[in-house]
Asker: 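Pasting a structure here, questions to come.
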Number of protein chains: 2
Amino acid sequence: MSPRPRRDKQQSNLQEAIKDTAWKQIAETGAATLSLRAIARELGITAPAIYNYFPDRDALVTALIIEAYTSFGDSQLEARDAIPAENLTGRMLAIGMAYRAWALTHPQRYQLIFGTPLPGYVAPVEQVLPSAARSLSALVSVVDEIRKAGRLNAPDFPEVKDEYKFGFEMWQKFGGNYDLLSLSVATLIWARVHGLVSLEISHNLPPFGANGDGLYLYEMLAVEKQFVKPS
Amino acid sequence: MSPRPRRDKQQSNLQEAIKDTAWKQIAETGAATLSLRAIARELGITAPAIYNYFPDRDALVTALIIEAYTSFGDSQLEARDAIPAENLTGRMLAIGMAYRAWALTHPQRYQLIFGTPLPGYVAPVEQVLPSAARSLSALVSVVDEIRKAGRLNAPDFPEVKDEYKFGFEMWQKFGGNYDLLSLSVATLIWARVHGLVSLEISHNLPPFGANGDGLYLYEMLAVEKQFVKPS
DNA sequence: AAGAATAAATAAACACTGTATATTTATGGT
DNA sequence: ACCATAAATATACAGTGTTTATTTATTCTT
């Protein structure tokens with residue numbers, strides 16, 4: 001009648017091994033060809049054994065997405081903190097550059113997060129939101145510092161409709177509880193960065209765009225010019 | 001020894017029927033669940049019969065992408081031509097609005113074009129380029145008119161590196177042979193529009209972004225402010 | 001008109017996939 | 001030592017894209 005306590009995770013860390021193998025295969029052949037059976041094969045176990053650690057394939061993918069978001073967020077926060085806190089535009093630029101650098105270094109992870117590389121999979125927002133909000137918080141925090149310094153230039157920025165306030169508060173909860181305007185402006189900046197990077201990664205930029213460095217830097221400086229008043 | 005001429009296409013247009021059924025299923029359950037066997041089932045034929053019309057599944061997908069690009073391009077060109085040719089900023093705004101409208105009306109088609117919703121599929125650029133270039137040509141043409149009117153404001157815009165000139169010429173060939181600077185600026189504008197729209201479609205916009213109209217219009221006006229000198 | 005040539009469909013099979021069920025193995029608590 | 005249980009396996013099912021061989025149907029030539 002007494003249940004057997006589960007085996008010490010330190011010894012048999014199959015859960016981690018499964019994720020590691022998944023990452024390895026994603027890096028090799030892309031997220032689209034991820035296969036539970038292939039993972040099991042490489043680990044020398046049978047496919048159904050994986051179901052002891054993840055209820056189904058989507059759950060594994062969700063775990064991978066959260067890992068990717070965490071790695072991405074780390075990169076964003078490190079980029080911010082490498083620049084002195086007083087240098088607000090410097091921090092913003094560093095975050096933007098780190099964004100593209102991380103995406104180009106881990107294109108499969110980027111597509112796993114922001115694309116839909118897996119048939120029928122949709123990320124469960126309530127599970128992913130914390131790590132997603134954290135990864136955006138680097139940019140939001142800097143925008144908010146700019147705002148608090150009285151240097152945020154976003155006249156007539158569209159307000160959040162009342163019916164979306166609830167969702168906003170949930171986002172705020174995990175994203176550092178920043179000001180609503182700062183959050184909105186950061187979202188728009190994020191969209192601009194994401195637009196260029198996602199097109200570059202999916203090879204949908206016209207050929208001259210392959211000169212991604214120049215175009216990207218130009219865009220970053222345009223963002224700064226638009227949203228930050230000179231000190 | 002004499003070959004039998006293939007059956008009159010007007011009678012047995014299975015090729016079109018296959019594509020139509022594919023679109024129907026994409027609209028119903030998304031591009032990710034597209035299945036040759038499901039298409040065949042619905043058409044009352046066997047799956048291998050499809051191979052008489054498309055060498056493999058990827059070829060069918062490529063044909064669908066070209067169709068989607070054509071529909072998208074039509075929408076872009078119609079939006080432009082609905083505004084008097086003298087009203088350059090009006091045309092630019094109309095194209096931008098039509099962009100989002102088409103994407104929200106056909107989210108699956110948009111993801112089929114710009115996302116990677118199918119395992120392992122990569123679009124063959126040489127086949128897709130003509131229709132892709134045509135769909136961008138609406139915006140490029142207006143940017144070029146703005147440039148010719150002396151109203152294009154893009155100082156220090158990054159130049160195309162020599163090693164990409166070849167690819168650029170190929171793009172130019174199908175895209176209307178427009179000026180290099182106009183093409184480059186249009187690309188950047190396209191990336192901004194795509195950034196917002198793709199995040200909105202994939203539900204990756206933070207909740208306040210659900211007020212997509214306001215945010216999108218704000219972005220369009222910012223684009224105009226940045227790149228077009230007042231007349 | 002008869003027969004040969006060939007296009008287009010089918011039938012069957014292969015190698016995959018995710019997943020459910022039943023069964024076996026191994027471990028730890030009483 | 002026994003037994004409850006966790007964790008693995010074996011097996012099976014339904015689905016996928018694709019290949020091969022075979023049949024059916026159509027058209028051109030004689």
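The model shown is predicted, which means the values in this text are computed figures rather than measured ones. In what follows, chains are A, B, ... by sequence order, proteins preceding strands, each numbered from 1.
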Asker: Could you check whether any side-chain heavy atom of A/Val61 comes within less than 4.5 Å of a side-chain heavy atom of A/Ile65, counting everything from C-beta outward?
Answerer: yes
Asker: Could you check how far CG of A/Leu34 sits from C1' of C/dT17, rounded to whole Å?
Answerer: 12 Å
Asker: Could you give the distance from CG (A/Leu139) to CG (A/Leu77), rounded to the nearest 0.5 Å?
Answerer: 11.0 Å
Asker: To the nearest Å, how far apart are A/Leu14 CG and D/dA7 C1'?
Answerer: 10 Å
Asker: Starting at the 5' end of DNA chain D and moving along, which residue's nearest nucleotide shows up first, B/Ala38 or A/Ala49?
Answerer: A/Ala49
Asker: Select one nucleotide: of D/dA12, C/dA9, D/dT16, the one nearest the side-chain heavy atoms of B/Arg37.
Answerer: D/dT16
Asker: Please report, rounded to the nearest Å, how far the C1' atom of C/dT17 is from the CG atom of B/Leu118.
Answerer: 16 Å
Asker: Nearest whole angstrom, please: distance from the P of C/dT19 to the CZ of A/Arg57.
Answerer: 7 Å
Asker: Provide, to the nearest angstrom, the distance between the CD1 atom belonging to B/Ile39 and the C1' atom belonging to D/dT16.
Answerer: 12 Å
Asker: Rounded off to whole Å, could you give me the CG-to-C1' distance for the B/Leu43 and C/dT10 pair?
Answerer: 15 Å
Asker: Can you tell me the distance, in whole Å, between the CZ atom of A/Phe54 and the P atom of C/dT19?
Answerer: 13 Å
Asker: Quick one, A/Ile50 and A/Leu43 - any side-chain contact, counting heavy atoms below 4.5 Å?
Answerer: no
Asker: Side-chain atoms of residues 103-118 of chain A: list all donor-acceptor pairs with protein atoms under 3.5 Å, sequence neighbours left out, distances to 0.1 Å.
Answerer:
residue, atom, partner, partner atom, Å
A/Thr105, OG1, A/Ala101, O, 2.6
A/Tyr110, OH, A/Tyr99, OH, 2.6
A/Tyr110, OH, A/His194, ND1, 2.7

Asker: Starting the side chain at C-beta, find the nucleotide from D/dT18, C/dG18, C/dT17 nearest to A/Leu36.
Answerer: C/dG18
Asker: Of the candidate nucleotides D/dA10, D/dT19, C/dA9, which contains the atom at the shortest distance from the side chain of B/Tyr51?
Answerer: D/dT19
Asker: Send over the distance from B/Asn52 CG to D/dA25 P, rounded to a whole Å.
Answerer: 15 Å
Asker: Checking contacts here: which listed nucleotide (C/dT21, D/dT18, C/dA9) is nearest the side-chain heavy atoms of A/Pro48?
Answerer: C/dT21
Asker: Would one find a side-chain N or O of B/Thr46 under 4.0 angstrom from OP1 or OP2 of C/dA9?
Answerer: no
Asker: Does the side chain of A/Ser35 get closer than 4.0 angstrom to OP1 or OP2 of C/dG18 through an N or O atom?
Answerer: yes
Asker: Could you state the interatomic distance from CZ (B/Arg134) to CD (B/Gln76), rounded to the nearest 0.5 Å?
Answerer: 10.0 Å
Asker: Kindly point out which of D/dT16, D/dT9, C/dG18 is positioned nearest to the side chain of A/Ile45?
Answerer: D/dT9
Asker: Strictly below 4.0 Å: does B/Arg41 bring a side-chain N or O up to OP1 or OP2 of D/dT16?
Answerer: yes
